[in-house]
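Convention: sequence-line order gives letters A, B, ...; per-chain numbering from 1.
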2 protein chains.
Amino acid sequence: MMSVTIKDVAKVANVAPSTVSRVIANNPRISEQTKVKVREAMEQLGYHPNFIARSLANQSTQVIGLVTPGSSDVFFQNPFFPTVLRGLNEGAHEHQYALQLVTGKSEDDIYNGVVQMVQGGRVDGVVLLYSKVEDRIVTYLQDRDFPFVMIGKPYKLAESITHVDNDNVQAGFDATEFLIGMGHERIAYIGGDKQLVVTVERLQGYKNALEKAGIPYRDSYTVHESFLLEGGKDAICALMDLPVSDRPTALLVTDDLMSLGVLNTLSELDMTVPEDISMISFNNVLFSEMSRPPLTSVDINIFQLGFEASAQLIKRVEHKSEPHRRITVPHHIVKRFSTEYVKK
Amino acid sequence: MMSVTIKDVAKVANVAPSTVSRVIANNPRISEQTKVKVREAMEQLGYHPNFIARSLANQSTQVIGLVTPGSSDVFFQNPFFPTVLRGLNEGAHEHQYALQLVTGKSEDDIYNGVVQMVQGGRVDGVVLLYSKVEDRIVTYLQDRDFPFVMIGKPYKLAESITHVDNDNVQAGFDATEFLIGMGHERIAYIGGDKQLVVTVERLQGYKNALEKAGIPYRDSYTVHESFLLEGGKDAICALMDLPVSDRPTALLVTDDLMSLGVLNTLSELDMTVPEDISMISFNNVLFSEMSRPPLTSVDINIFQLGFEASAQLIKRVEHKSEPHRRITVPHHIVKRFSTEYVKK
DNA sequence: TGCAATTTTGTTTACGCTTACAAAATGTTC
DNA sequence: GAACATTTTGTAAGCGTAAACAAAATTGCA
């Protein structure tokens, strides 16, 4: 390789290496005259600064590490991922940061990946793309006082962790109330992994709404599965095992992908949405409008979640003393055709 | 920060820093005895090597750069992306490499991103996740003799670029022949951006199959749109503008996401698949089995495309003199319910 | 012109690690 | 046990840049 370094430029421009370095940083203590001279030399030689060397000298890499939940494979499948990535990407790019993924299959793998990244000085900060109940990674980062932000609400110590999240209790509440407003009373909740804080919170909102409406909460109406197509399938089968008169007239499904599964399973069972059963979904990803019927879905602004996360992280990295914040990204219900007034 | 360095370990273990370095590299010229001693010191101090410093000394970062096509936003939306990423991830992880994304909005942005990455020494090699007709990035990488591999077939100089691809001509041929085998003769081709090599190749395969069957090729039967939902919609409208007796009885759509759009538009037009019109799709991503009807789709093994790409790249990085290869990932048709024999 | 104040540039060390080369320790042979 | 070969460890020079400190050049003003 042997690429051109700051020294080569210095030689050509007939100045000291440090002068070149200062020109790069656009240091005001260098005269315009020599700046021009140096820039010409850089141009002529096709010089590009070496990030690695700069990182070493600076103790900063301009790279953000992204951490996916243990089961990356599953996570990647969900359209949530590309969208949040797009947001992260844009937020990072605005400040000239690059993104690096922590790769790993198992939970241990990921943990070690994070440790290597952090201790190895590969990244200046870390974004956790999830929030789960007990998380060694969070503990680790906190112990080392390493800058990170979380997408989702931290299980505990939320005040001392900068995080970007929706008001998921409220979102669950709103979605449930939306169904109640259409006359539904037998409403089932199909949520994802109980380890995920988001699942727990939306469930809470669901319960709150039921309580407010005076509808008793029934354990048999809540199912927890993974955020995948299969999950939706299994969930619906469990519900349809109930006696006919007891079956829910409406479903609240906390993920669009699961909703697709639910939709298909219902179709196999010859039940039509929304005539036989109503459905409200979460996330409002691309294909929620492409399903049949198009899904009424709670749009949680995934892009913005990502965007804010990297923006906040960079703020923390660059000003270590920034106070911890919570950023609440708004949600809103997008009404489509999977919800209908209950038949009396 | 002031983390623990090789020197601290050396002091504690009472050896020279170089010895510690050699222990890390597990150099056989260090006696087992001192290895043990040094490892204990590392353990005790919680030492982790600094990647940046190592990179600088080594001139190698163990990082792979990923380059998405200019319109990253669109690309991210497509389920192709997460799947290929998963493959890349796994291939990289097996060899302890990390992935870094080139971020950027416009084509220029991306180009500059690549230049910075490469010249800045941030990455050891690059994977291009696409292949398009005229590409400055390819030219640039070739000029600098920088290791890269491409997913898809290079527009030119395919022999001097290591690339991982399907046999897309054959795939287009197979898909078309599959439809012909069901008695279809009026078959339309709905492809993506004409700038993408894959579009061109599958079209070629389509033409070949028609020719072999003695079916004349008609310009009005080929439509090119972007790989998105909207694309599918526009495409189908164009075809349905044809006189009734001239309308195709079967569609070959080169992307599942577009197929979803097509499916929905057809449904709006009150046409049922496969009764009124047959459809074969490409990629076989997650939801091609979740659509209604589930799509017959050509599975191109996206995961493996990614996996091979990073594996090959790493091979190139570590042995610069490796000859250029072409890796052909097999495809196969997954028959579902969107294709039916033509009605006479 | 002379001298201090100020601006501009140069010298040098440090960042944490690798590695060629040198030196020391150990082993082998007669 | 001397002489040499071999194994093991240490010394020191880099990798390319940043920045503290020192030195030189320029400016202003009497």
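The side chain of A:Q59 places an N or O atom within less than 4.0 Å of a non-bridging phosphate oxygen (OP1 or OP2) of C:dG16. Dashed line: the shortest gap from a side-chain N or O of B:T19 to OP1 or OP2 of D:dG10 is under 4.0 Å.
Between A:N50 atom CG and C:dG16 atom P there is a gap of 17 Å when expressed in whole angstrom units. Whole-Å rounding puts the B:Q116 CD to D:dG16 P distance at 18 Å. Rounding to whole angstrom units, CG of residue B:N58 and C1' of D:dC15 are separated by 10 Å. Rounded to whole Å, atom P of D:dT17 lies 9 Å from atom NZ of A:K7. Summarising the geometry, the separation between CD1 on A:I24 and P on D:dG16 is reported as 13 Å, rounded to the nearest angstrom. Rounded to a whole Å, the CZ atom of A:R122 is 14 Å from the P atom of C:dC17. Put simply, CD on B:Q33 is 13 Å from C1' on D:dT7, counting in whole angstrom units.
Under 3.5 Å, the side chains of B:Q119 and B:Y140 contain a donor-acceptor pair of N or O atoms. Between the side chains of B:S160 and B:H324, no donor-acceptor pair is found at a separation under 3.5 Å.
Between A:P17 and B:I6, the residue anchored nearer the 5' end of DNA chain C, judged by the nucleotide with its closest heavy atom, is A:P17. Nearer the 5' end of DNA chain D, as judged by each residue's closest nucleotide, is the contact made by B:A57, out of B:A57 and A:R22. Comparing B:A16 and B:L56 by the nucleotide of DNA chain D whose heavy atom lies nearest to each, the residue mapping closer to the 5' end is B:A16.
Rounded to 10°, the angle separating the first-five-pair axis and the last-five-pair axis of the helix from C:dT1-D:dA30 to C:dC30-D:dG1 equals 50°.
Residue B:T34 is in sugar-phosphate contact alone, with no base atom involved, counting any heavy-atom pair closer than 4.0 Å across all strands shown. If you check every strand for non-hydrogen atoms under 4.0 Å, A:S31 touches sugar and phosphate atoms only. No engagement by B:F51 is indicated, since no non-hydrogen atom pair under 4.0 Å with the nucleic acid exists. Base engagement by B:S18 is indicated by at least one non-hydrogen atom pair under 4.0 Å involving a base atom. Among the protein residues, A:R29 comes within range of the nucleic acid bases, having at least one heavy atom under 4.0 Å from a base atom. Residue-level contact check: B:V15 touches the backbone only, with heavy atoms under 4.0 Å from sugar-phosphate atoms and none from bases.
With a 6.0 Å cutoff to the six-membered ring centre and a 45° limit on the axis angle, A:R86 does not count as a cation-pi contact of A:F303.
When the side chain to side chain contact (heavy atoms under 4.5 Å, CB included) test is applied to B:K156, the partners found at least two apart in sequence or on another chain are B:E134. By the side chain to side chain contact (heavy atoms under 4.5 Å, CB included) test, A:F51 pairs with B:Q116, B:R122, sequence neighbours left out.
Remark: B:R316 does not engage B:D124 in a salt bridge, criterion side-chain N to carboxylate O under 4.0 Å.
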* Would you check, one step at a time, whether the test side chain to side chain donor-acceptor pair (under 3.5 Å) holds for B:N166 with B:K153? => CA-CA 8 Å; B:N166 307 103; B:K153 184 178 169 193; over 6 Å; no
